[in-house]
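Below: the structure, in C-alpha cells.
Only heavy atoms go into these numbers, but all of them, side chains included; no hydrogens, no water, no symmetry mates.
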Amino acid sequence: MVVKINKSVNDDLIKICEEGFPHEVCGVLIGNKKESNYFIQSSYICENLNKERASDRYELNPRDYIKAEDYAKSNNQAIIGIYHSHPNHPAIASETDKLYAWPDMIYLIYSIYDSKFKNLISWEINEKKDIFEEIKTSIYG
Ligand SMILES: [Zn+2]
C-alpha cells in the first residue's frame, strides 16, 4: 500500500497549510484507488468548523465536502482521503484523528512549525479501527 501524490498537488497543500498557520487547515484528497495504491490527483480545501480549538482540532464543513464530492465525480474520480495540518506538532496521528478515521480512506498530516513545512506522513486505519498505521508516501510528476 502506497500513497502516490502529484507533486503540484503536494506543493499546493504545503502552501495552504503554511498559510493557515497557526490554525489547522483541512480538506479532502481526490483521485483513484488502483489495486492497493492511492493516487492523489487533486485536493479541495474545506472550512475548519472547529473555531474554538482551531489550533489542534479540525472538523470539515459538510457543505464543502459535498462540493468536493461533486467536483470529484465530474472528473471520474472520488474522495479517497483527508488532509490536515498539525501546527507546531509532529505529523503523528492523534487519538482524535484515530477516532474519526474511516477504513478505505487515507489521512495525510502536514507538520508545520512556525509557518514552515517540516514533513508529511500518510496514515490508514484497519477495518477493526484499532490500528492507525503509517503508510509510504511517494511524490510523482
Ligand atoms: Zn490531527
Side-chain angles (χ1 to χ4, degrees), residues 1-129 131-141:
M1 176 77 67
V2 178
V3 171
K4 299 188 180 209
I5 182 165
N6 178 282
K7 188 182 182 304
S8 69
V9 174
N10 189 51
D11 289 346
D12 282 348
L13 292 180
I14 288 172
K15 195 167 172 266
I16 288 167
C17 291
E18 285 181 342
E19 285 172 357
F21 186 89
H23 300 304
E24 277 201 16
V25 175
C26 54
V28 300
L29 301 164
I30 295 165
N32 301 104
K33 193 180 171 185
K34 281 184 205 148
E35 285 144 25
S36 59
N37 296 326
Y38 291 95
F39 290 87
I40 301 167
Q41 283 150 333
S42 58
S43 68
Y44 198 98
I45 191 164
C46 297
E47 183 193 3
N48 183 356
L49 286 182
N50 197 326
K51 306 289 181 207
E52 275 163 44
R53 292 194 60 178
S55 65
D56 67 346
R57 288 280 194 283
Y58 75 95
E59 192 185 334
L60 299 179
N61 183 329
R63 187 196 61 208
D64 293 337
Y65 192 95
I66 289 164
K67 279 191 210 159
E69 210 160 42
D70 290 344
Y71 171 82
K73 276 181 195 155
S74 64
N75 287 287
N76 282 319
Q77 294 170 354
I79 292 177
I80 55 171
I82 289 169
Y83 70 87
H84 72 284
S85 63
H86 276 184
N88 286 348
H89 280 282
I92 305 295
S94 66
E95 281 305 309
T96 314
D97 291 337
K98 188 178 167 182
L99 194 65
Y100 290 102
W102 290 96
D104 282 327
M105 290 273 272
I106 44 164
Y107 293 85
L108 269 59
I109 302 179
Y110 287 81
S111 172
I112 309 290
Y113 279 83
D114 300 323
S115 301
K116 280 277 162 223
F117 169 67
K118 191 161 177 260
N119 70 323
L120 157 68
I121 301 179
S122 303
W123 300 84
E124 184 186 48
I125 202 155
N126 63 344
E127 288 294 331
K128 281 172 69 189
K129 291 196 72 175
I131 306 165
F132 210 18
E133 263 187 325
E134 191 176 326
I135 46 175
K136 193 182 181 307
T137 312
S138 78
I139 296 163
Y140 71 92

Test side-chain contact (heavy atoms from CB on, under 4.5 Å) on Asn75 and Ile30; report intermediate values, then the result. CA-CA 10 Å; Asn75 287 287; Ile30 295 165; over 6 Å; no
Taking C-beta and beyond as the side chain, do [X] and [Y] meet within less than 4.5 Å on heavy atoms?
X	Y	value
Thr96	Arg53	no
Leu29	Val3	no
Met105	Ile79	yes
Leu99	Lys129	no
Asn88	Pro22	no
Leu13	Leu120	no
Ile40	Ile106	yes
Glu24	Asn50	no

Plane angle bin for Tyr110 and Tyr83 - parallel if under 30°, tilted between 30 and 60°, otherwise perpendicular: perpendicular
For the residue pair Tyr44 and Tyr71, does the interplanar ring angle fall in the parallel (under 30°), tilted (30 to 60°) or perpendicular (over 60°) class? tilted
Distance check, rounded to the nearest 0.5 Å: [X] atom [atom1] versus [Y] atom [atom2]?
X	Y	atom1	atom2	result
Ile80	Gln41	CD1	CD	7.5 Å
Ser43	Ile16	OG	CD1	5.0 Å
Ser55	His89	OG	NE2	7.0 Å
Asp97	Arg57	CG	CZ	8.5 Å
Ile125	Asp104	CD1	CG	11.5 Å
Ser94	Ile109	OG	CD1	6.5 Å

Is there a donor-acceptor pair under 3.5 Å between the side chain of Asn48 and the backbone N or O of Cys26?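 No.
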Taking the side chain from Asn126 and the backbone from Ile131, do they hold a donor-acceptor pair closer than 3.5 Å? yes
Would Ile92 and Trp123 count as a side-chain contact (heavy atoms from CB on, under 4.5 Å) here? Give the steps. CA-CA 9 Å; Ile92 305 295; Trp123 300 84; 4.2 Å; yes
Mind listing the closest non-hydrogen atom pair of [X] and [Y] along with its distance?
X	Y	result
Phe39	Lys34	CE1-CB, 3.9 Å
Leu49	Pro62	CD1-CD, 3.8 Å
Trp102	Tyr100	CD1-O, 3.6 Å
Ala91	Ser111	N-CB, 3.7 Å
Asn32	Asn76	ND2-O, 3.6 Å
Lys7	Gly141	CB-O, 3.6 Å

With a 3.5 Å cut-off and no angle check, do the side chains of Asp11 and Ser8 form a donor-acceptor pair? no
Could you give all pairs that pass the side-chain hydrogen bond (donor to acceptor under 3.5 Å, both in side chains) test and reach residues 60-69, with sequence neighbours left out? Glu47-Asn61
Can you pull out every side-chain hydrogen bond (donor to acceptor under 3.5 Å, both in side chains) where at least one residue sits in residues 131-141? Sequence neighbours excluded, please. Ser122-Thr137
For His86 and Ile112, what are the C-alpha separation, side-chain angles and deciding distance, and is it a side-chain contact (heavy atoms from CB on, under 4.5 Å)? CA-CA 6 Å; His86 276 184; Ile112 309 290; over 6 Å; no
Step through the shown structure and confirm whether more than 12 heavy atoms of other residues, nucleotides or ligands are within 6.0 Å of CZ on Phe117.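 More than 12 within 6.0 Å, yes.
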Does a sphere of radius 6.0 Å around NZ in Lys51 hold more than 12 heavy atoms from other residues, nucleotides or ligands, not counting ones at 6.0 Å or beyond? yes
